[in-house]
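Bear in mind the structure is a predicted one, so any value in this text is a computation, not a measurement.
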There are 2 protein chains.
Amino acid sequence: MNIHDVVKKSGLSIVTVSRVINNSPTVREVNRQKVLKAMEELNYQPNSAAQSLVRGKTGIIGMSITNLNDSFYDRVIKAANRKLADQGYFLTLSISEHEGEGETNNFLFQRDRVDGIILLSPIEEEQYVAELKKKKIPFILLDNQYEHDDVSSVLVDNFQGGYDATRHLIDLGHTKIAHIGGPTIFLSVTERKRGYVQALADAALTPFAIEYSGFTVSSGYDAAKKWIREDTLPTAIFAGDDFIALGVIHALREEGIMVPHDVSVVGFDDQKLASEFFPRLTTVRQPEAQMGSIGVDLLLEQINGQMEAPTVTKLSPQLLVRESTAYLKQP
Amino acid sequence: MNIHDVVKKSGLSIVTVSRVINNSPTVREVNRQKVLKAMEELNYQPNSAAQSLVRGKTGIIGMSITNLNDSFYDRVIKAANRKLADQGYFLTLSISEHEGEGETNNFLFQRDRVDGIILLSPIEEEQYVAELKKKKIPFILLDNQYEHDDVSSVLVDNFQGGYDATRHLIDLGHTKIAHIGGPTIFLSVTERKRGYVQALADAALTPFAIEYSGFTVSSGYDAAKKWIREDTLPTAIFAGDDFIALGVIHALREEGIMVPHDVSVVGFDDQKLASEFFPRLTTVRQPEAQMGSIGVDLLLEQINGQMEAPTVTKLSPQLLVRESTAYLKQP
DNA sequence: CTGAAAGCGCTAACAC
DNA sequence: GTGTTAGCGCTTTCAG
């Protein structure tokens, strides 16, 4: 079943049918109706492969992700999805389970499969970037790890996030402030830590303790337990993300140490789930919607050739003060 | 840049080039190498729109999801992704934010965009099913809400899951067993409850209390708090999912009620996160990998026309006994 | 083993 | 306004 069936059924020519499909204004209303009726009756839909072939574009934007199951991704993706829909594009997601070295096997990475690609929080992105450049596929980076001055990307100022979180604890009178970071392969992790160190330095303080761990509840739990065991518990903790923070609070509570009464805790990411526990977590929210939106703009500009030069946009995160932080308890 | 450039560069004909692209064995090795070399040098990749057009298939399977951010989805998707890759297909995800009524606006829902579609945990799937049938797009349902005897689908036996969870509590000596279900629009929710009621009945017991709520930590929290306030706390609780269970445990702990010492709690879904808290949650694990795998098989059979008749497969979930359940405390 | 020719379904000039 | 003609880039008969 194809356009020719519609041609027969409607009695008009193939060109007119095509025009109706593409909403061309230069079709007499009577004929348009005839065509529409025929399409309706035949339950016809144009073949998108043929359209893509002749137009040289697909109307689809691909997004490569390495993971689901995280509020941050969820929000970025949904924002991009909506924004693209507004512009007449579709978003398609592809999971790229990091397969170590070797050629990337991502089906999106083919010119003409998609009009452009968004790489969300890529891990070891170099190979992807190189491949996309080589294939001349328009793409941008969201929340990437490395600096690429010749690729457009949107980043969150994790340094500032770390700084603000720590500054908040300092403002509450804390001086024994520890930090538990995530996996150090992430730039975001080292940036957050850098912000933490800087905020302390600006207040003439030094890190009370720094641990690195996974972005998981259990690693936060373990770190806190260790401090308790060694009797080196700080009065405030800046956790690298909300899961770590949750683990910390959990461990403290098990030992009868109250948050925020005895110890203040700040998280990062504003995971949806984390905000449902009590005390509600003070955390740093990343501007996911903005990231998605700006990323889409950047990519579409590039696709439409309106791009001046690659841009790196750094967005500010926002400290959300809730209930897991409080003034330092007077001795 | 297209196949003709490769033709020129290699000195062979377009047909031979095409054969090399498609790994046809009927090409002399010398010529194959020439073509390969030319493709390599030109950095050539066949145009997939053209291939799809002429072949009448895309090699892509679409999956429509309504939500990310859940271990269950994550596992199903990854399983399907891998299985499809093994069979030479690619998986592409599309987020379908439930837009109420109206025509579905899912770009996947176009014949020739994809070779087939998997609907994962669809909400109000009727309209989708109707549309896909109308468009004659091969599809299957995973974890669907309604019974469709003319569509292949893979379900989890939520009744059994509820039964097993409850039976476990009964075996531990509990008789005051309450249930907190999720949103009742989900078939899974009512099935789990049915299993709960049946297990009780088989032991000559009756439901101690039944609440319905969202699949969230806070609703579990609220339900437990309410019971405590009204002094109607059961000795065991079967929660509709892990988040609810987490909320319950959180509320109990706030009141100094220990799990599992004072109250036993069972969850559902084995959310990755939930297993990191202590006590580690006893829960019901759904066979996500199997679902993904069987779903893919069913879909590919349908696509290849090897399908006898639509099949509904019901898989058994598995009770994972961990630390949030214990024998009824002797008074 | 190789190539010439036809055509997948559609759009974009260009005439009328 | 409308239709004729030529491809988009590729695969697939069917001869040779």
A/I3 CD1 - C/dG9 P separation (whole Å): 11 Å
Whole-Å distance separating the CG atom of B/L42 from the P atom of D/dG9: 14 Å
Rounded distance (Å) that lies between atom P of D/dT13 and atom CG of B/N22: 12 Å
Between C/dC8 (C1') and A/M1 (CE): distance, integer Å: 15 Å
B/N144 versus B/L187, closest heavy-atom pair with distance: O-CD2, 4.2 Å
Nearest-nucleotide 5' precedence on DNA chain C, B/V27 against B/A50: B/V27
Short side-chain N/O contact to D/dC8 OP1/OP2 from A/S52, under 4.0 Å: no
Whole-Å gap separating P (C/dC10) and NE2 (A/H4): 8 Å
d(CD, A/E29; P, D/dG1) in whole Å: 11 Å
Nearest-0.5 Å distance that lies between atom CG in A/L142 and atom OH in A/Y73: 11.0 Å
Short side-chain N/O contact from B/S13 to OP1 or OP2 of C/dA4, under 4.0 Å: no
Whether over 12 other heavy atoms sit under 6.0 Å from A/E29 CD: yes
Comparing B/Y44 and B/R19 on DNA chain D - which has the more 5′ nearest nucleotide: B/Y44
Distance test, side-chain N/O of B/Q51 to OP1/OP2 of D/dG9, below 4.0 Å: no
Distance-only donor-acceptor test (3.5 Å): side chain A/R32, base D/dG1: no
Nucleotide nearest B/N47 when distance is taken to its side chain, options D/dC10, D/dT13, D/dT4: D/dC10
Short N-O contact, B/K78 and B/D74, less than 4.0 angstrom: yes
Value rounded to 0.5 Å, distance of CG in B/L84 from CG in B/L91: 5.5 Å
C/dC10 OP1/OP2 closer than 4.0 Å to side-chain N/O of A/S18: no
Gap between atoms CZ and C1', on A/R55 and C/dC8 respectively (whole Å): 17 Å
DNA chain C: 5'-proximal contact among B/T26 and B/L53 (nearest heavy atom): B/T26
